[in-house]
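All of these numbers come straight from a predicted model, not from anything done at the bench. Chain naming here is simple, since letters A, B, ... match the order of the sequence lines and numbering starts at 1 in each.
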Amino acid sequence: MRIAYLGKKGKLKAAMAQMGTVSKEDRPKVGQHANEVGAKIEAAFAEAQARIAGASGGAGAGIEMLKQERLAKLKRYNEDPQIVAKYGKDAAWGGKFENVTPIAEALKKFPPLKEGEQPKSETAFGKVRIAARMTLRRDQSKKLIFLTVQDQDASMQVALWNQKLNEQTLALLRDTLDLWDIVGFDGELAYTQKGEPTLWATEARILSKCILPPPDKHHGIHDKEIRYRQRYLDLIASPESRRTFILRSKAVARTRRYLDEKGFLEVETPVLQTIPGGAAARPFKTHLNALGIDMYLRIATEIPLKKLLVGGLEKVYELGRLFRNEGVDYSHNPEFTTFEAYQAYGNLDDMMALTEGLVSTLAQELTGSTTITWRGKPVKFAAPWPRLDYCELLKKHAGVAYDDEAGLDRKLKELGEDPSGMTHVDKIDAVFGSCAEEHLWDACFVINQPVEMSPLCKAHPQNPKLAHRFEAFAAKLEIANAYSELNDPIEQENRLTDQFGKYMNDDLDLLSEYQDQIDKDLADLENRVNSLKASSPITDAETSSVAKVLAQLKEENSLVKNLVRYGVHIAHNLVQSGKLGSNQKFADAFKNFARTSEISDRSRKFLVDLRSSNQSRHKDLLKIFERFSDPSLLIDRDFLCALEHGMPPAGGMGMGIDRITMLLAGADSIRDVILFPLMRPEEKQP
RNA sequence: GAGGAGGUAGCUCAGUCGGUAGAGCAACGGAUUUUUAAUCCGUAGGUCCGGGGUUCGAUCCCCCGCCUCCUCACCA
């Protein structure tokens with residue numbers, strides 16, 4: 001790089017290229033000499049450059065040069081006297097362009113050729129105006145240029161020919177029209193001699209200039225990062241991407257129409273909530289300045305929608321964005337789109353009919369078949385979908401009964417997971433997730449989940465241990481989830497309280513263990529240091545550095561212990577306050593947590609540092625404290641109050657639009673069906 | 001969070017057992033009046049992701065960091 005200015009044919013460079021012929025022993029000498037010469041030339045060059053600097057901006061390099069070239073053409077086009085006379089100032093930045101015919105429609109004006117029929121290039125099929133982006137250019141000569149242009153749905157050929165188009169316009173466009181410019185054409189439709197439907201332009205003007213170089217005209221953009229970050233490029237360059245997002249839009253519109261036709265009312269409920277309820281995910285936190293309170297982005301729409309059932313709106317749905325502060329992978333994006341629908345006086349059966357009806361309709365209408373192909377394998381969506389019993393699936397694929405605690409533990413260990421610290425429900429879920437879900441390929445309903453897994457769901461009418469619930473799966477993905485909704489406020493409160501109390505009890509145990517562990521660790525460490533000291537003589541410097549480390553560790557451990565003691569204290573208070581149904585009590589306990597004098601400033605700072613650092617040593621401790629402040633465990637009094645006014649029995653269902661779209665569009669990743677998926681921000685150049 | 005792959009011209013990608021980086025497309029100049037990823041001749045274009053180290057010499061080897069993808073884990 002240092003002697004790049006010598007150019008590809010620079011003498012020094014040519015000499016360096018001969019290095020391979022120099023004997024190995026002589027290479028260092030030659031190289032050293034070359035460096036000396038190179039440094040001298042470089043210095044002289046730098047000096048010369050410094051003298052010239054300021055005189056001009058320099059040629060510029062790379063993308064900047066390409067941009068300058070396009071800007072020069074823009075200027076030339078905009079300042080052309082004819083263009084100014086016809087369109088006024090800044091013509092290349094366009095304006096309203098009326099009566100445009102979509103390319104797909106223009107193409108329909110060409111009568112289909114019969115087998116073996118020669119197209120008559122002299123016959124015209126009418127005049128149209130089109131507006132489109134120019135993606136390919138084939139200059140035959142100064143008199144004839146073929147272009148390929150594309151609009152949203154189709155592409156076609158345009159010819160700029162001196163027999164049809166004014167010579168001056170042709171000459172100007174020949175010099176100033178770049179790939180990816182957006183152009184408006186008036187012209188006649190006629191075949192070429194080779195039978196290509198073509199618009200023979202009689203008038204053409206640039207409507208918008210593309211001043212950055214476009215990607216490879218044939219390969220398009222392969223870099224997925226660019227496709228996600230700059231989706232507009234992907235949409236222009238990849239027809240399949242355009243098709244996917246058009247399909248997604250149609251799927252959303254069709255879903256709305258399907259629900260509307262069934263008499264559902266579309267409603268909108270708050271995205272900003274004080275208690276993010278209805279699901280067990282962690283929420284995004286934000287702050288409302290006006291009221292000085294923390295708020296959360298919704299993780300589900302379930303609770304407000306049920307309040308509307310109480311209010312007498314009998315069939316409601318909301319289609320919109322949910323936000324979950326969880327992992328990101330091929331089937332999860334932090335913000336995603338679902339719809340939830342609730343039907344008063346209905347139950348699970350209505351929701352099944354709704355789900356399989358809607359999804360098979362979408363598949364049929366948008367892909368032309370109720371069987372689609374995903375990752376190379378067919379997935380059947382034709383209704384009715386099989387109903388599969390959760391516990392039977394568990395038994396069949398994992399070989400354990402859902403209430404067989406020891407069997408579940410055994411299976412988990414087989415799978416390489418540690419069952420300790422997991423709740424019974426976690427275990428069932430983990431085993432089901434690893435053993436059974438992978439067999440759920442064709443669309444199906446999994447029913448009769450254990451009731452503990454479904455806190456907002458009615459128990460099964462025939463078996464109080466089971467939930468009256470289904471999860472719909474296709475291609476191993478969960479695509480929908482439905483309940484016969486729980487409307488008994490007392491039962492509902494008990495379930496929420498149980499869920500909360502369970503966590504607190506577990507955490508209490510964990511904290512005690514943690515405290516013991518810390519004592520043990522520190523003792524071990526001291527023993528090891530002592531035995532080291534005893535076994536081998538060490539220098540004073542070493543002694544003092546060991547002492548220093550040990551002191552640091554002790555200090556850290558005392559801070560951790562302080563935290564643990566405090567955590568135990570809170571957990572005790574919370575659990576022993578008996579009935580935890582009162583949201584206020586819980587909130588007060590948290591206020592205490594933040595303010596208490598029992599937790600020293602140093603410990604609090606330590607906790608803050610712990611949160612911001614990626615240190616994994618005290619990850620478990622941190623997790624427990626995170627759980628103490630987990631807003632999804634807050635008990636929503638308002639919701640219980642609504643239920644106390646009477647909610648009609650109802651069926652409710654939620655469906656993931658992104659995942660349905662993935663399946664319908666054949667997309668491997670959720671990022672391929674979200675226009676602007678979450679990406680880590682790029683580092684800004686200063 | 002763990003492991004694996006990757007980051008080279010505007011785009012798509014080669015390459016260097018460490019000796020000063022190449023092709024196609026795009027760009028620029030020219031030829032060409034029915035092409036269609038047009039063709040032909042010529043020209044220019046690079047912080048080889050960033051920072052350190054080893055070396056006469058690093059795009060290549062070593063260390064640290066950033067970003068992306070894939071697999072797994074987490075996420076009803």
Side-chain angles (χ1 to χ4, degrees), chain A residues 1-4 6-8 10 12-22 24 27-36 38 59-70 121 135-148 156-157 159 161-163 178-180 191-196 198 200 212-226 228-229 233 237 279-282 299-300 324-332 334 416-417 425-426 428-429 432-433 449 453-457 469 471 478 481 614 616 619 654 668-669 671 679-683:
Chain A
M1 184 43 225
R2 38 193 308 207
I3 50 173
L6 288 173
K8 284 185 183 170
L12 184 57
K13 201 159 179 188
M16 289 310 289
Q18 299 299 312
M19 190 61 109
T21 64
V22 177
K24 287 232 163 145
R27 283 185 193 182
K29 271 187 222 162
V30 176
Q32 210 158 12
H33 183 64
N35 281 340
E36 281 163 22
I63 194 165
E64 199 47 45
M65 202 160 71
L66 295 167
K67 193 170 166 183
Q68 289 305 327
E69 276 162 4
R70 284 178 171 237
S121 54
T135 54
L136 295 172
R137 175 173 164 171
R138 298 175 288 280
D139 289 34
Q140 300 307 310
S141 69
K142 291 198 161 135
K143 317 283 187 183
L144 174 65
I145 300 170
F146 288 111
L147 309 173
T148 300
M156 77 178 294
Q157 175 162 279
W161 191 26
N162 70 337
Q163 306 290 306
D178 282 311
L179 289 182
W180 283 37
Y191 286 112
T192 60
Q193 286 171 7
K194 293 271 169 68
E196 178 75 15
T198 300
W200 299 84
L212 285 173
D216 188 286
K217 66 183 182 186
H218 181 53
H219 297 95
I221 303 170
H222 278 200
D223 187 338
K224 287 194 183 180
E225 181 175 356
I226 298 177
Y228 297 147
R229 286 192 199 273
L233 298 180
R282 278 172 296 174
I299 56 173
R324 295 189 181 178
N325 208 337
E326 303 282 359
V328 179
D329 66 18
Y330 85 96
S331 64
H332 295 83
E417 291 189 55
V425 171
D426 290 342
I428 301 175
D429 203 39
F432 189 87
Q449 286 80 353
M453 305 183 68
S454 321
L456 299 167
C457 179
R469 169 189 189 188
E471 290 168 289
E478 184 185 347
N481 188 8
N614 254 347
S616 56
K619 222 163 48 184
D668 282 349
S669 163
R671 291 183 153 185
M679 301 289 276
R680 193 184 299 274
E682 283 177 294
E683 243 181 294

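Summarising the base pairing, G3(B) is matched to C70(B) through a Watson-Crick or G-U wobble pair whose two defining distances lie under 3.5 Å. Base pairing of U39(B) is made with A31(B), judged by Watson-Crick or G-U wobble geometry with both donor-acceptor distances under 3.5 Å. Across the strands present, A9(B) finds no partner; the criterion is a Watson-Crick or G-U wobble pair with both atom distances under 3.5 angstrom. With a cut-off of 3.5 Å on both Watson-Crick or G-U wobble distances, the partner of C56(B) is given as G19(B).
With both ends at atom P, the span from G7(B) to C49(B) equals 7 Å, rounded to whole Å. Comparing the same atom, P, in C63(B) and in G3(B) gives a spacing of 14 Å after rounding to whole Å. For the C1' atom pair drawn from A9(B) and C48(B), the interatomic distance equals 10 Å after rounding to whole Å. Taking atom C1' on both U55(B) and G18(B), the two are 9 Å apart, rounded to the nearest angstrom. Separation of the C1' atoms belonging to G46(B) and G22(B) is 11 Å when rounded to the nearest angstrom. Separation of the P atoms belonging to C61(B) and G19(B) is 11 Å when rounded to the nearest angstrom. The C1' atoms of G24(B) and C66(B) are separated by 31 Å, rounded to the nearest whole Å.
Proximity of Arg229(A) to the phosphate of U68(B): a side-chain N or O atom is located under 4.0 Å from OP1 or OP2. Side-chain nitrogen and oxygen atoms of Arg138(A) include none within less than 4.0 Å of the OP1 or OP2 phosphate oxygen of A37(B). Taking side-chain N and O atoms only, Lys224(A) has no distance below 4.0 Å to OP1 or OP2 of G6(B). Between Arg324(A) and C75(B) there is no side-chain polar atom (N or O) within less than 4.0 angstrom of OP1 or OP2. Taking 4.0 angstrom as the limit, Lys217(A) places a side-chain polar atom (N or O) nearer than this to OP1 or OP2 of A26(B). The phosphate of C13(B) has OP1 or OP2 within less than 4.0 Å of a side-chain N or O from His222(A).
Contact annotation: side chain of Gln140(A) to base of U32(B), donor-acceptor pair absent below 3.5 Å. One can find a donor-acceptor pair under 3.5 Å joining the base of C74(B) and the side-chain atoms of Asp329(A). For Trp161(A) against U34(B), no side-chain N or O and base N or O form a donor-acceptor pair under 3.5 Å.
Here the side chain of Met65(A) is nearest to one of G45(B), A76(B), A37(B), namely G45(B). Nearest to the side chain of Leu179(A), among U32(B), A26(B), U68(B), sits A26(B). Each of U34(B), U12(B), C67(B) was ranked by its minimum atom distance to the side chain of Asp223(A); first place goes to U12(B).
Between Arg138(A) and Thr148(A) there is a side-chain heavy-atom pair separated by less than 4.5 Å. For the pair Leu136(A) and Gln157(A), the minimum side-chain heavy-atom distance is 4.5 Å or more.
Using a 4.0 Å heavy-atom criterion, one finds that Thr148(A) contacts no nucleic acid atom at all. Across all strands, His218(A) comes closer than 4.0 Å to base atoms (heavy-atom distances). At the heavy-atom level, Tyr330(A) lies nowhere under 4.0 Å from the strands shown. Backbone-only contact: Glu478(A) has heavy atoms under 4.0 Å from sugar-phosphate atoms and none from a base. Across all strands, Pro28(A) comes closer than 4.0 Å to base atoms (heavy-atom distances). Note on Ile145(A): nothing from the nucleic acid sits closer than 4.0 angstrom, heavy atoms only. Contact annotation for Gly433(A): no contact, since no heavy-atom pair falls under 4.0 Å across all strands. Note on Trp200(A): a base of the nucleic acid sits closer than 4.0 angstrom, heavy atoms only.
When all heavy atoms of Arg469(A) and Asn481(A) are compared, the closest pair comes out as NE-OD1, 3.2 Å.
If you find the closest nucleotide of RNA chain B to Lys143(A) and to Asp178(A), the one lying nearer the 5' end belongs to Asp178(A). Between Tyr228(A) and Asn162(A), the residue whose closest nucleotide on RNA chain B is further toward the 5' end is Asn162(A).
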